[in-house]
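Everything on this sheet refers to the single structure shown next.
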Amino acid sequence: MTDISAPVPAVRMRSPLWFAWRRFLSNKAAVVGGAVLTVLILMAIFAPLITPYDPEAQSFLTEALAFPSAQHWFGIDNLGRDFYSRVVYGARVSLTIGFTAALFSVLVGIPLGALAGYFGGRVDWTIMRVIEIFSVVPPLLAALLLGAITRGGYGTIVFIAALFGWVQVCLLVRAQIKAFREKEFVRAAQALGASPWYIIRRHLIPNSISPIIIGFVLSIPLAMMLEASLSFLGVGVPPPTPTWGQMINEGIDFMFFYWHLAVFPTAALAITVLATSLFGDGLRDALDPTLKGR
């Protein structure tokens, strides 16, 4: 006979983060993208330790335009600077601008998306009209105009990237909060007399962390591409600070004879943007599996 008095083994409950982590690991492209992005971030942080020369020092003028070798892995540019050091230090500029602009995009997009999603009506209508204005303005043309007026620089590029990057974050947060505002826990808080600001701050925004993270990650490659485009057009970060867009612009003039001056910064930018995009897509699918119909 079965002993009905025997204790029933406890069932281990898995948290949503555990399932999200498993979904993320099952996406090989996202894992590879995350690994590559981690390596690039570490290279940017520890650039002084992994580069043999000063990226701005013209120490090899007699070897200008030299091809890649054992001593100079990526060759030497037209001004006698070690190109490998400049490409590695260029990662600092691109990643710093990307993460900073993404942070400001989140700081702007979260409150506007929360207001539009919770209050609806005229508030939602007004914010959506502002979003439509930013959606029809070509970001590169507007960035080029503002960059020419302000003569570029870190602050200008971060401001321009955040100015156009908050739209995506706002739409993600708005959709999430509109889905949650009729839930039982929100109605209970309203019945207990909680103010709209308290409900948004303590209940809705914490439950919208997934689209916030997704919006943050996906804003990084957009800001990096914008920085590279502006630097390529000559209104980005001023020289001699190494940036990938600036190096691509200079390398185009020597492309047919000294291929390394354009290929290496272009490859670095493409790999970084691709890795960040794959990581962001995988993170989106892991945190919100309904987007893939699962």
Side-chain angles (χ1 to χ4, degrees), residues 32-102 147 151-158 161 220-277 279:
V32 173
V36 172
L37 183 60
T38 301
V39 171
L40 291 169
I41 292 173
L42 292 176
M43 289 179 63
I45 294 174
F46 298 106
L49 302 179
I50 63 174
T51 52
Y53 307 105
D54 184 343
E56 299 179 11
Q58 297 174 296
S59 305
F60 307 99
L61 282 171
T62 57
E63 305 175 55
L65 299 174
F67 286 97
S69 63
Q71 184 180 4
H72 304 285
W73 294 351
F74 290 178
I76 298 173
D77 71 358
N78 58 315
L79 296 178
R81 298 170 294 194
D82 181 70
F83 210 51
Y84 166 73
S85 300
R86 290 185 63 78
V87 170
V88 173
Y89 271 86
R92 280 188 161 188
V93 176
S94 293
L95 289 172
T96 300
I97 288 177
F99 277 92
T100 306
R151 298 183 181 180
Y154 276 102
T156 300
I157 295 177
V158 169
I220 296 173
L222 298 178
M224 292 173 59
M225 287 297 295
L226 185 62
E227 180 276 323
S229 301
L230 291 177
S231 295
F232 178 82
L233 295 172
V235 293
V237 178
T241 303
T243 70
W244 289 337
Q246 181 190 113
M247 284 185 276
I248 294 170
N249 184 23
E250 295 173 353
I252 289 295
D253 297 333
F254 305 93
M255 181 66 188
F256 293 103
F257 303 100
Y258 305 100
W259 55 268
H260 59 288
L261 296 183
V263 169
F264 287 121
T266 302
L269 177 63
I271 290 171
T272 305
V273 171
L274 178 61
T276 309
S277 299
F279 177 71

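Contact annotation: the side chain of R92 approaches that of Y89 to within less than 4.5 Å [non-hydrogen atoms, C-beta and beyond]. In this structure, R86 and F74 have side chains that are not in contact, with every pair of non-hydrogen atoms separated by 4.5 Å or more. The closest side-chain heavy-atom distance from M224 to I97 is not below 4.5 Å. At least one side-chain heavy atom of L65 sits less than 4.5 Å from a side-chain heavy atom of L261. The shortest side-chain heavy-atom distance between V87 and M247 falls under the 4.5 Å cut-off. Taking the side chain as every heavy atom from C-beta outward, Q246 and V93 never approach each other to under 4.5 Å.
The CE atom of M43 lies 12.0 Å from the CD1 atom of I41; values are rounded to the nearest 0.5 Å. Between atom NE2 of residue H72 and atom CG of residue D82 there is a gap of 6.0 Å, rounded to the nearest 0.5 Å. Taking OG1 of T266 as the start and CD1 of I252 as the end, the distance is 6.5 Å to the nearest 0.5 Å. How far CD1 of I76 is from CG of L61: 9.5 Å, rounded to the nearest 0.5 Å. Atom CZ of F99 is separated from atom CD1 of I220 by 4.0 Å, given to the nearest 0.5 angstrom. Distance check, rounded to the nearest 0.5 Å: CD1 of I271 to CG of L37 gives 12.5 Å.
Side-chain N or O atoms of S85 include none that pairs as donor or acceptor with a backbone N or O of T51 at under 3.5 Å. At distances below 3.5 Å, not a single donor-acceptor pair connects side-chain atoms of R81 with backbone N or O atoms of A57.
When all heavy atoms of T272 and L40 are compared, the closest pair comes out as OG1-CD1, 3.3 Å. Across all non-hydrogen atoms, the minimal contact from F279 to G34 is CD1-CA, 3.6 Å. Residues A223 and A101 come closest through the heavy atom pair CB-CB, 3.7 Å.
Screening W259, Y84, F83 against F264 for a ring pair (Phe, Tyr, Trp, His ring centres under 6.0 Å) leaves a single residue, W259. The only member of L269, T276, L226 that meets side chain to side chain contact (heavy atoms under 4.5 Å, CB included) when paired with P221 is T276.
Residues satisfying the ring pair (Phe, Tyr, Trp, His ring centres under 6.0 Å) criterion with H260, sequence neighbours excluded, are F67.
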